[in-house]
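Worksheet for the structure shown next.
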Amino acid sequence: MFRIVSIVDNYKSDYRQVVRFSIRIRRIANILEPSKRKTSASVEKRLLEYLKEINQTLTKEEDAAFVDNLNRYSKGFWKGLFTFYDNPILPRTNNDHELFFRTIKRRHRRITGLRSWNRYIMRHGEYIVFAEDAISDPCILSRLATVPFDAYINEMKKWEERTKEHIQRFQFKRDPDQYLKCVEEKWLNQRLC
């Protein structure tokens, strides 16, 4: 036991440094903590001032890695970091989105047995969100009944145009000779009409 406790003394300086850094991180978290009276401009200004203060106060050589990492990390997230303060409909984090995508991915794996869902995403894209929402909506049939037929036809044309390239690429990869034969037949039919 004495031997274990004696090792702790070797890490006193590291511990002090971690405490110094954690104080800064907690202060940043406090600045970013949402409240009704905060706006994106005010939070951005406060955080920018605090990051400048950190750059001025943490000038020791052992602080350089922490300050550099903090500056690079902040710069990477800066652009969209403050948007949700002025737009309460936007989520603060993307955790719910990540859980949603994981659920969809897991369901796709169960249904198809495929680990990769790249083709599924390329084919259905942003419409996956609507499909997943529709599955859990008990009033989906009444909602769909309110959509005019012309609007449905227009959306289907947009959908077909958007997925056309992906479908062609898939068909070509699966059987290039058959795909080229179909393209040639379509070309000949168009010329004859």
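Residue numbers count from 1 along this sequence. Since the model is a prediction, treat every value here as computed from it, not as a measurement.
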Study note, to complete from the structure: Value for CG (Leu144) from OH (Tyr152), rounded to nearest 0.5 Å, stands at 10.0 Å
Review point. Less than 4.5 Å apart, any side-chain heavy atom of Leu48 and any of Trp78?
Key: yes
Exercise for review: Drop me the distance from Phe149's CZ to Met156's CE, to the nearest 0.5 angstrom.
Suggested key: 10.0 Å
Practice item. State the CD1-CD1 distance between Ile54 and Ile23, to the nearest 0.5 angstrom. Key: 11.0 Å
Check your understanding: Could Glu160 and Lys157 be called an ion pair, given the rule that one side-chain N must be under 4.0 Å from one carboxylate O?
Key -> no
Exercise for review: Determine whether Glu49 and Glu53 make a side-chain contact, defined as any pair of heavy atoms from C-beta on separated by less than 4.5 Å.
Suggested key: no
Review point. From Ser22 OG over to Tyr15 OH, what is the distance, rounded to the nearest 0.5 angstrom?
Key: 8.0 Å
**Study point:** Rounded distance [0.5 Å steps], CG in Asn94 versus CG in Leu99
**Key:** 9.5 Å
Exercise for review: Check Ser116 against His108 and note the closest heavy-atom contact, atom names and distance.
Suggested key: O-CE1, 3.8 Å
Practice item. Can you see which heavy atom on Lys79 is nearest to which on Thr83, and at what distance? Key: O-OG1, 4.4 Å
Point to revise | Distance-only side-chain donor-acceptor flag, Arg107 / Thr103, under 3.5 Å | key: no
Exercise for review: Taking Glu44 for its side chain and Phe82 for its backbone only, find out whether a donor-acceptor pair lies under 3.5 Å.
Suggested key: no
Review point. Distance-only, no hydrogens or angles: does the Ser74 side chain make a donor-acceptor pair with backbone N or O of Asn71 under 3.5 Å?
Key: no
Check your understanding: Below 4.0 angstrom, N of the basic side chain to O of the carboxylate: do Lys181 and Asp177 qualify?
Key -> no
Point to revise | Lys38 side-chain N/O to Leu32 backbone N/O, donor-acceptor pair under 3.5 Å | key: no
Exercise for review: Please test Glu161 against Lys158 for salt bridge (charged side-chain N to carboxylate O under 4.0 Å, His left out), starting from the C-alpha separation and ending with a verdict.
Suggested key: CA-CA 5 Å; Glu161 188 62 36; Lys158 289 178 189 175; over 6 Å; no
Revision key, fill the gap. Correct closest heavy-atom pair for Tyr85 and Glu33 would be OH-N, 4.1 Å
Review point. Shortest non-hydrogen contact from Arg46 to Arg27?
Key: NH2-NH2, 4.3 Å
Practice item. Find the distance between OG1 (Thr146) and CG (Leu141) and round it off to the nearest 0.5 Å. Key: 11.0 Å
Exercise for review: Going by the side-chain contact (heavy atoms from CB on, under 4.5 Å) test, name the single residue among Leu51, Asp63, Leu58 that passes it with Arg24.
Suggested key: Leu58
Check your understanding: Tell me, do Ile104 and Phe100 make a side-chain contact under 4.5 Å, heavy atoms counted?
Key -> yes
Review point. With hydrophobic residues grouped by side-chain heavy-atom distances under 4.5 Å, do Val67 and Ile25 end up in a single group?
Key: yes
